Amino acid sequence: MFLGGSPDAPVFSTGQGLVLTLELLSISSAIGFALAVPLALARNSSNWLLSRSVWLYTGLFRGTPLLVQLFMLYYGLAQWPWIRESWAWPYLREAYGCAILAFTLNTAAYIAEILAGQIRNTPHGEVEAARSLGMNHWLLLRRIVLPSALRRALPAYSNEVIMLMHATSVASLVTLADLTGIARQIYAETYNPFEPFLIAGIFYLVLTNALAWIFRRMEKHWLAYLRPREAH
Amino acid sequence: MLIEHVPHIAAGVTVTMTVALGSLAVAVALGLVGAACKLSGSRLLTLLAATYSTLVRGVPELVWLLFLFYGAQILINQTSATMGWQAVEIDPMLAGITTIGFIFGAYMTETFRAAIMAVPSGQAEAGLSFGMSPLRVFWRITLPQMVRFALPSFSNNWMVLIKSTALVSVIGLNDLMHRAAMAKSATRDSFGAYLVVCVVYLAITGVSIGVFRLLELRFSRGVRGADL
């Protein structure tokens, strides 16, 4: 019986897979976002070396498949002694750590480009107004440019988070038991592809819609001032 | 030494490109049909197309790939067993092309719908009033003009599609990823093997960006840009 009550029942283990998927998503999107903000600022920096190195980083990570990046870290890192001897090795030895690192670096590259674009698009009036009030560079960034750019980046950012959620499914290819991983395990045991992948698919569909709903609420709150207004 | 394996890995680019271009063709066909359904005004067709694009875009590509590949295999085996035919193996290349094409058809549906809507409707009306058939109006009037509007989103979809082809090694295709895995076991230089794959993908995406820039120029001829 597929929906049986025993602890090893597929639905039960799918629940564990869901937890791992959400864990991968939340950790890597949080660190990725924290990395992306300074990267986006550096991308727009007048320092040629700084902006070009961020350009190179985002170009490399956006131009190659996430799966290759993950395999590179998972299979490749162990070949350097200095990594095996470093403090990070206990994390990077595990598929979990490699997956988080790959997803974080990947999503940081995409989000940095989204943010950098919005920073460039800051209305010049906002900047001039802040300057005329005597704000210095950092205050201007912190109070005006970043809040304004982060708000306008919200719609594109929500797409990116949903894409990242879907992208975490490749973690199953380095042995992790996320939603897709559990479905593959059940398939390997039962040779029945329909129910496990269907259930995993439904979970992803629900997650996609839940994330989309949350972001719609956020847009309603933070982008209220950009909504089309009725003419009086 | 990895260097001896580089040509073998790089030769996987033909498999990768075949999958990519094949699924692009499927995706464009499905996308045009999907867009036509969404714009048809028929409630049933709109609902069908909306279901297609929602379901496909809500579930990861890898899950679709595994579900369709293994699922179709079982269905074919069962049918051939009940019919008393010999068991048929699905060709992974065909499976990869149809699955990735099926997935990106959903994204293309939105791309083409937006692009068709951006062409002034008076253009199509003029064609119809001259006695052109709707198909001819589409081919001669709407299509050439919608390309310009579709290009930015189309090129994004293509970039994501080309990177998605890395997944097809999971269903047994001898693509770049699969060849890198073989070189990895032979040389123990996993990082280097996947680095070669990265370089090939970067070359493909780099050339694509150039081609799209040319297409954009070609299809924007005679269009006056806004003076900013």
Side-chain angles (χ1 to χ4, degrees), chain A residues 21 59-80 83 106 110 159 162-173 178-181 183-184 187-188 190-212, chain B residues 2 16 54-75 77 103 156 159-170 175-177 180-181 183-185 187-209:
Chain A
T21 291
L60 288 180
F61 275 85
R62 298 189 314 151
T64 54
L66 173 63
L67 186 61
V68 190
Q69 294 157 19
L70 178 62
F71 279 6
M72 230 167 153
L73 296 173
Y74 181 63
Y75 294 114
L77 285 184
Q79 64 197 68
W80 286 298
I83 290 183
N106 186 275
Y110 283 94
N159 275 338
I162 291 173
M163 298 271 246
L164 177 66
M165 191 261 288
H166 287 177
T168 58
S169 66
V170 301
S172 68
L173 298 178
D178 69 328
L179 272 175
T180 313
R184 290 180 67 213
Y187 168 70
T190 60
Y191 287 106
N192 173 3
F194 296 105
E195 280 149 352
F197 291 121
L198 210 63
I199 297 223
I202 292 170
F203 269 92
Y204 280 114
L205 208 59
V206 171
L207 278 184
T208 306
N209 286 302
L211 283 175
Chain B
L2 181 70
T16 295
T54 317
L55 284 186
V56 168
R57 298 191 300 162
V59 176
E61 290 140 35
L62 181 61
V63 176
W64 273 116
L65 186 71
L66 296 171
F67 176 70
L68 292 176
F69 183 66
Y70 295 135
Q73 187 73 64
I74 295 256
L75 285 182
N77 286 352
I103 294 166
N156 279 343
M159 291 299 196
V160 184
L161 186 154
I162 205 63
K163 286 181 275 168
S164 296
T165 58
L167 294 174
V168 294
S169 60
V170 178
D175 71 327
L176 289 164
M177 293 299 281
K184 171 190 90 184
S185 351
T187 60
R188 290 170 181 231
D189 183 3
S190 320
F191 199 85
Y194 288 112
L195 200 63
V196 177
V197 177
C198 278
V199 172
V200 177
Y201 272 108
L202 280 175
I204 300 175
T205 45
V207 170
S208 304
I209 291 173

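Below, chain A is the first sequence line, B the second, and so on; all start at residue 1. Only a predicted model underlies this, so the values are computations on that prediction, with no experimental measurement involved.
Within the 4.5 Å cutoff, the side chain of A/L179 has no heavy atoms near those of the B/V63 side chain. Considering only heavy atoms from C-beta on, B/K184 stays 4.5 Å or farther from A/F71 through its side chain. Annotation: side chain of A/F194 is in contact with side chain of B/I74 (closest heavy-atom distance under 4.5 Å).
Neither the backbone nor the side chain of B/I209 comes within contact range of chain A; no heavy atoms are under 4.5 Å apart. Proximity to chain B is absent for every atom of A/I202, based on heavy atoms less than 4.5 angstrom apart. For B/L195, the parts lying near chain A are the backbone and the side chain together; criterion is any non-hydrogen pair under 4.5 Å. Only the side chain of A/S172 has a heavy atom closer than 4.5 Å to any heavy atom of chain B. For chain B, no part of A/Y74 is nearby; none of its heavy atoms comes within less than 4.5 Å. Of the two parts of B/M159, neither the backbone nor the side chain holds a non-hydrogen atom closer than 4.5 Å to a non-hydrogen atom of chain A. Contact annotation for B/V200: neither backbone nor side-chain heavy atoms come within less than 4.5 Å of a heavy atom of chain A. Both the backbone and the side chain of B/S190 come within contact range of chain A, each with at least one heavy atom under 4.5 Å from a heavy atom of that chain.
Between atom OH of residue A/Y204 and atom CG of residue B/L55 there is a gap of 16.0 Å, rounded to the nearest 0.5 Å. Summarising the geometry, atom CD belonging to A/Q79 is positioned 8.0 Å from atom OG1 belonging to B/T187; distances are rounded to the nearest 0.5 Å. We find the CH2-NE2 distance between B/W64 and A/H166 to be 11.0 Å, quoted to the nearest 0.5 Å.
Highest contact tally toward chain B, considering only A/L207, A/L198, A/L173, is held by A/L173 [criterion: heavy-atom pairs under 4.5 Å]. In terms of heavy-atom pairs under 4.5 Å with chain A, the best-connected choice from B/V160, B/V197, B/I204, B/D189 is B/D189. Between chain B and the residues A/G201, A/A78, A/A212, the largest count of heavy-atom pairs under 4.5 Å involves A/G201.
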- Stepwise side-chain contact (heavy atoms from CB on, under 4.5 Å) check, A/T208 with B/T54: CA-CA 10 Å; A/T208 306; B/T54 317; over 6 Å; no
- Given B/L66 and A/Y187, is the side-chain contact (heavy atoms from CB on, under 4.5 Å) satisfied, shown in steps? CA-CA 10 Å; B/L66 296 171; A/Y187 168 70; over 6 Å; no
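Of residues 59-68 of chain A, those residues lying under 4.5 Å from chain B by any heavy-atom pair are A/G59, A/L60, A/R62, A/G63, A/T64, A/P65, A/L67, A/V68.
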